[in-house]
Amino acid sequence: MTTLPARKELPPAYEPATVESRIYRMWEERGYFQPRIDLEREPYCIIMPPPNVTGELHLGHGLEDAITDTLVRWHRMQGDPTLWLPGEDHAGIATQNVIERELAKEGIDRHDLGREAFVERVWMWVRKYRSRIADQHRQLGASADWTRNVFTLDPQIVKAVRTTFVNLHRDGLIYRGLRMINWCPRCETALSDLEVDYVEEAAKLYYIRYPMMGEGGMPLPDYVMVATTRPETMVADTGVAVNPADERYEEKIGRMLSLPIIGREIPVVADDAVKPEFGTGAVKVTPGHDPNDWEIGQRHNLEVIVAIDKQAVMNEEAGPYEGMPAEEAREAILRDLEDEGYLDHVEDYTHSVGHCSRCGTTVQPIPSEQWWVDVHKEYEPGRSLAGEAAKVVREGRITIVPQRFEKVYLNWMDNIRDWCISRQLWWGHQIPVWYCECGELTVATEDPESCPKCGGSSLRQDEDVLDTWFSSGLAPHADLGWPDETEDLRYFYPTSDMQMGYDIMFFWCARMIMFALYNMRERGPEGEVPFLTVLFHGLIRDANNDKMTKSRGNVVDPLVSAAQYGADAFRFAVLTGAAMGADQRYSDERLTSARNFADKLWNSARYVLLKLSVRTVQRPHPLDRESYALEDRWILSRLEQLQVDVDALLRGYQLNEAGRQIEEFLWNDFCDWYIEMSKVRLQAGDERPLAILAHVLDQGLRMLHPIMPFVTEELWQSLREHIEGETAPALIVAWYPKSGANWKDVAAEEAMSHVIEVNRAIRNLRAEKKVEAGTRLQVYLRAGSQAEALRTTSGATAFTSRVEPQVVSADAQLPAGEFAFARVGDTEIALLLPQVDVAAERARLEKELAEASAHMERLEKQLANEQFRSKAPAQVVEGMESTLAETRTKVEGLRERLGTLA
RNA sequence: GGGCGGUUAGCUCAGUUGGUUAGAGCGCGUCGUUCACACCGACGAGGUCACUGGUUCGAGUCCAGUACCGCCCACCA
């Protein structure tokens, strides 16, 4: 043992603010977040879901950091070359909207600036927020490798995006086509199906009569009545459809109708898509403004008329309503229809209406020329984007955790439709397609100087940008360097785990899998996948279980929580707040208890360090076990069991349960029992517990470090110098405890749990008898099989339960006096009392007897069952038999007690 | 219309090969300033594990159905 210089005492409470930034700086400056590539070792790699550069991190990011950092630190501590690769997403439409709102405050819009100046303006924002976001991750303790930080518009990613686009286009998987799309009139861009949120809205169903046309263009008194929720679209109607089997309309199929107000002649067509039972069974067909009608129109060669423009204003096709906003036009048209007697009646109706997920504006379905990814076309025989992406999960080459999301993923992937990837925005990856005056279209990774066909130099690049998810969908391979064969790509790909909220499963997870299997397919079945496992975590809701949204004003800033309770407490709270994949409620109570845990840990370490003072200790060795006290063997055995359990839990991604068990061990076993018992021996001058205290604390800190990195590192920095032979310079790079199966000691665990129960029983008797807390009482322990254990721990019992214990034989005579009795296993506890309240004692004993008898009967019944005896494992039967024996003794003892009480 | 999840102590949640008297935190009650910690300690009260049926020697755990809550998907004129 060596002697250390005197050390400054730790403050009595953990103060995160004085610790966190200093510790983080130490980690980062020493380069611990950067992996050392070692071809002899299996790497561990996670790509961070890149937060949008639109602003601050929210609780979801905080949860992600907690989950990812826990896994990352755990792997790093096992010696795996570990890379957590961070990034930020340019978030095309979201960021453009934010900047547009900024401009609006200045009274201008993006068109006033022009594209180039607008984009420069966004870059200014990006530069500011990227570093802010990185700092926020740092404050939460994220041990990501910031030297590799990737932005989704970095030149490297541009290259990956263009290469992917060019290859997909070459293989015919990207095409340009006129289709019905979701159009946001506010954002003035096309949206993919996923970017539309459907909201139930109370609306009206308008019944309108369309007169039949007679010979020679004369309207007849007969008519067909249609029902519509969008009367303003009638100006673009080019047909009316009925079900071919609908007898009511049989004769009218093929006849012509006169479109009210407009006067256009439109045909009645028969189409299976029409449900006879809905409305009148006749539907007006507006191929220009409704996806279903588009389909019907295609089948019947109906003209497509677009009467509402991209700003949701009526155009020249709308005749008298030209220039009116669509909503205004609806009112005007309804008025006119009513005036002219075409409006039959109106019904209340509830239906869901699509809204832009970014700005909330009602989306307009319109036909538009856009770029698409064909997810079904085969790029190789039998291989399509969607087909491969489903297959890889079905074959288990990618594991989804929790498993139930596998079904959700596959259901979506099996029903996926082509993906609209072009956006009429200015911010994003501009589509790498150039048009020449000669009509030639060039698709290239590098900006072409001239037209490859005519040689002309007046090329015009497609003005649209790509859906944000096109670039983030490349993350796992592009972030590592693809299409270049970089060292990172060779070593870290496929990445190990991926992690995200289940709400972006389709947006992101699905796209990453599709793209990776296409771009990386040369690597073969095992090597092409973007990640081996994907974890889906749940959403964090507020204390009332409401979704956190800006409009509700219930959004919590994780950094505010971290500042208030400590980053460790924040991490522990969100990590243990729910099982993987389950939503959780966010409450101050949970944060408070996590903070309390950090403080408890802090103080337990303070105690250990105080007792160690200037001493160093050696780690306990299993060969010396026989010389250890019972509680030493017990805590070491418990520790080893914890290591086995936590290892299994972390492997199974049950981070919440792992955290809970570590807390339980440290607080209950270590603090409440081991530390308390150590006090007696230390006070008596026995220094042997010091090594155990230091070792168990050390192991506990290691195990907890991935979840609560700051407080554990800070404490360990103080502890490490007391442990001889410790070589790790910091906890973050110290070895994670692994069970060597050397300390397991079933006898010690049984003996200690008996001792603990006896102590509890003594304290219980004291409390029930309302004995003054300070009064020391005589207690006789009529002991059976655990006499030795009770004897060796009697000093601790005396100290922690405020009694003078005497361990005597089971049949020993008690001295005269009033006693309170209790039984634990085969030990009878006799507490010598100043006086006894007979009635209260009887009531207590009777209650206990009832419980014990019930338990005994259950056991007897179970054990009497021959089926059980023959089929249940011997271990279970034996365990039950010994419990029964104990329970019988207890019941007898209680009966005897009650007898003598009379 | 299809699919998924939840329903366990007053509250928030654990409980992953079915196994002896179902756990934690918070809250509640009583007691406590024993030199790590009152952001603490001791003791206690509190649950027919939504309901019904089934499988099993044994079900919170597996199966079927019901109810309520929530979510996702779908071309709901």
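Chain letters run A, B, ... following the sequence lines, proteins first and then strands; every chain starts at 1.
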| request: Give one of base, sugar-phosphate or nothing for A:Gly879, where a contact means two heavy atoms less than 4.0 Å apart. | output: base
| task | Under 4.0 Å between any heavy atoms, over every strand shown, what does A:Val877 touch: base, sugar-phosphate, or nothing? Just pick one. | result | nothing
| Tell me: CZ of A:Arg230 to P of B:rC76, nearest whole Å? | 13 Å
| Whole-Å distance between B:rG3 C1' and A:Met413 CE? | 17 Å
| Does A:Arg585 make a side-chain N or O approach to OP1 or OP2 of B:rC13 shorter than 4.0 Å? | yes
| message | Nearest to the side chain of A:Arg802, heavy atoms from C-beta on, is which of B:rG19, B:rG15, B:rU34? | response | B:rU34
| For the residue pair A:Phe506 and A:Trp412, does the interplanar ring angle fall in the parallel (under 30°), tilted (30 to 60°) or perpendicular (over 60°) class? | parallel
| Between B:rA77 atom P and A:Glu295 atom CD, what is the distance in whole Å? | 14 Å
| request: Would you indicate what A:Thr228 reaches in the nucleic acid, counting non-hydrogen atoms under 4.0 angstrom: base, sugar-phosphate, or nothing? | output: sugar-phosphate
| task | Determine, for A:Arg209 against A:Asp344, whether the closest basic-nitrogen to carboxylate-oxygen distance falls under 4.0 angstrom. | result | yes
| message | Using whole Å, what does the distance between atom P of nucleotide B:rA24 and atom CG of A:Asn668 come to? | response | 8 Å
| task | Select base, sugar-phosphate, or nothing to describe what A:Arg858 touches, counting heavy atoms under 4.0 Å on all strands. | result | sugar-phosphate
| Do A:Glu277 and A:Lys275 meet the salt-bridge criterion of a basic N to acidic O distance under 4.0 Å? | no
| query | B:rG5 phosphate, OP1 or OP2: any side-chain N/O from A:Arg404 under 4.0 angstrom? | reply | no
| request: Flag yes if more than 12 heavy atoms outside A:Glu772 fall under 6.0 Å of its CD atom; otherwise flag no. | output: no
| request: Just compare B:rC13, B:rG15, B:rC37 and give me whichever is closest to any side-chain atom of A:Asp599. | output: B:rC37
| Side-chain N or O of A:Lys769 closer than 4.0 Å to phosphate OP1/OP2 of B:rC43 | no
| request: Name the nucleic acid region contacted by A:Gln654, choosing base, sugar-phosphate or nothing; use a 4.0 angstrom heavy-atom cut-off, strictly under. | output: base
| query | Which whole-number value in Å describes the distance from A:Asn596 CG to B:rA38 P? | reply | 11 Å
| said: Measuring from the side chain of A:Phe868 (C-beta onward, heavy atoms only), which nucleotide among B:rC57, B:rA45, B:rA36 has the closest atom? | reply: B:rC57
| query | What's the CG-P distance between A:Asp583 and B:rC4, to the nearest Å? | reply | 17 Å
| Same-atom distance (C1') from B:rG23 to B:rC72, integer angstrom | 32 Å
| In terms of the nearest nucleotide of RNA chain B, which residue is placed more toward the 5' end: A:Arg595 or A:Phe506? | A:Arg595
| message | Given B:rA77, B:rC4, B:rA36, identify the nucleotide with an atom nearest to the side chain of A:Lys407. | response | B:rC4
| note | Among the nucleotides B:rU16, B:rA14, B:rA42, whichever has the atom closest to the side chain of A:Arg763 is B:rA42
| task | May I ask you to evaluate whether A:Arg760 reaches the phosphate of B:rC43, defined as a side-chain N or O under 4.0 Å from OP1 or OP2? | result | yes
| task | Using whole Å, report how far CG of A:Asn544 lies from P of B:rU12. | result | 10 Å
| said: Classify A:Lys679 by what it touches in the nucleic acid, base, sugar-phosphate, or nothing, heavy-atom distance under 4.0 Å. | reply: base
| message | Between B:rU55 and B:rG6, how many Å separate the two C1' atoms, rounded to a whole number? | response | 24 Å
| Atom pair distance, as rounded to whole Å: CD in A:Gln564 and P in B:rC39 | 15 Å
| request: Indicate whether OP1 or OP2 belonging to B:rA45 is found under 4.0 Å from a side-chain N or O atom of A:Lys847. | output: yes
| With a 4.0 Å cut-off on heavy atoms, is A:Ala227 in touch with a base, just the backbone sugar-phosphate, or nothing at all? | base
| query | Under 4.0 angstrom, heavy atoms only, what part of the nucleic acid is A:Glu886 near: base, sugar-phosphate, or nothing? | reply | nothing
| said: Using the ring centroid of each side chain, check whether A:Phe570 and A:Tyr565 are separated by less than 6.0 Å. | reply: no
| message | Under a 3.5 Å cut-off for both contacts, is B:rC71 paired Watson-Crick or G-U wobble with anything, and if yes, with which nucleotide? | response | B:rG3
| Mind checking whether A:Phe278 and A:Tyr349 have parallel, tilted or perpendicular rings, split at 30° and 60°? | perpendicular
| request: Kindly say whether A:Val771 contributes a backbone atom to a donor-acceptor pair with the side chain of A:Thr775 at under 3.5 angstrom? | output: no
| task | Measure from the side chain of A:Leu859, starting at C-beta and using heavy atoms only, and say which of B:rC13, B:rU20, B:rC43 lies closest. | result | B:rU20
| note | Side-chain contact check for A:Asp672: nearest option of B:rC57, B:rA42, B:rA77 is B:rA42
| Separation of the C1' atoms in B:rC51 and B:rG19, to the nearest angstrom | 25 Å
| query | Do A:Glu851 side-chain and B:rU21 base share a donor-acceptor contact under 3.5 Å? | reply | no
| request: Give, for atom OG1 of A:Thr280 and atom CE of A:Met225, the distance between the pair rounded to the nearest 0.5 Å. | output: 6.0 Å
| What is the nucleic acid contact for A:Ala241, judged by heavy atoms within less than 4.0 Å: base, sugar-phosphate only, or nothing? | nothing
| NA contact type, A:Ser604, heavy-atom cut-off 4.0 Å: base, sugar-phosphate, or nothing? | base
| task | Give the nucleotide from the list B:rA77, B:rC13, B:rG44 with an atom nearest to the side chain of A:Asn764. | result | B:rG44
| note | Partner of B:rC39 under the Watson-Crick or G-U wobble criteria, both distances under 3.5 Å, comes out as none
| What about A:Glu676, does its side chain sit under 3.5 Å from the base of B:rA42 through a donor-acceptor pair? | no
| Base, sugar-phosphate, or nothing: which does A:Leu539 touch, judged by heavy atoms less than 4.0 Å apart? | nothing
| query | Which part of the nucleic acid, if any, lies within contact of A:Arg417, taking any heavy atom under 4.0 Å across all strands shown: a base, the sugar-phosphate backbone alone, or nothing? | reply | sugar-phosphate
| Between the base of B:rC37 and the side chain of A:Lys600, is there any donor-acceptor pair under 3.5 Å? | yes
| Taking for each residue the nucleotide of RNA chain B with the nearest heavy atom, is it A:Trp667 or A:Glu663 whose nucleotide lies nearer the 5' end? | A:Glu663
| said: Say we look at B:rA9 and B:rG1: how far apart would their C1' atoms be, to the nearest angstrom? | reply: 40 Å
| Which part of the nucleic acid does A:Ala872 contact within heavy-atom distance under 4.0 Å: base, sugar-phosphate only, or nothing? | base
| request: Look at A:Trp412 and B:rG3 and indicate whether a side-chain polar atom (N or O) is within less than 4.0 Å of OP1 or OP2. | output: no
| request: Just compare B:rC57, B:rG32, B:rC37 and give me whichever is closest to any side-chain atom of A:Asn603. | output: B:rC37
| query | What residue among A:Arg763, A:Glu676, A:Lys679 forms side-chain hydrogen bond (donor to acceptor under 3.5 Å, both in side chains) with A:Thr800? | reply | A:Arg763
| field | Heavy atoms from other residues, nucleotides or ligands near CD of A:Gln875 exceed 12 (cutoff 6.0 Å) | value | no
| note | The nucleotide from B:rC39, B:rC13, B:rC71 with an atom nearest the side chain of A:Ala13 is B:rC39
| field | base_contact_polar (B:rC37 base, A:Arg606 side chain, donor-acceptor, <3.5 Å) | value | no
| request: Determine which nucleotide pairs with B:rA64, using a 3.5 Å limit on both distances of a Watson-Crick or G-U wobble pair. | output: B:rU52
| message | What's A:Lys275 touching, base or sugar-phosphate or nothing? Going by heavy atoms closer than 4.0 Å. | response | base
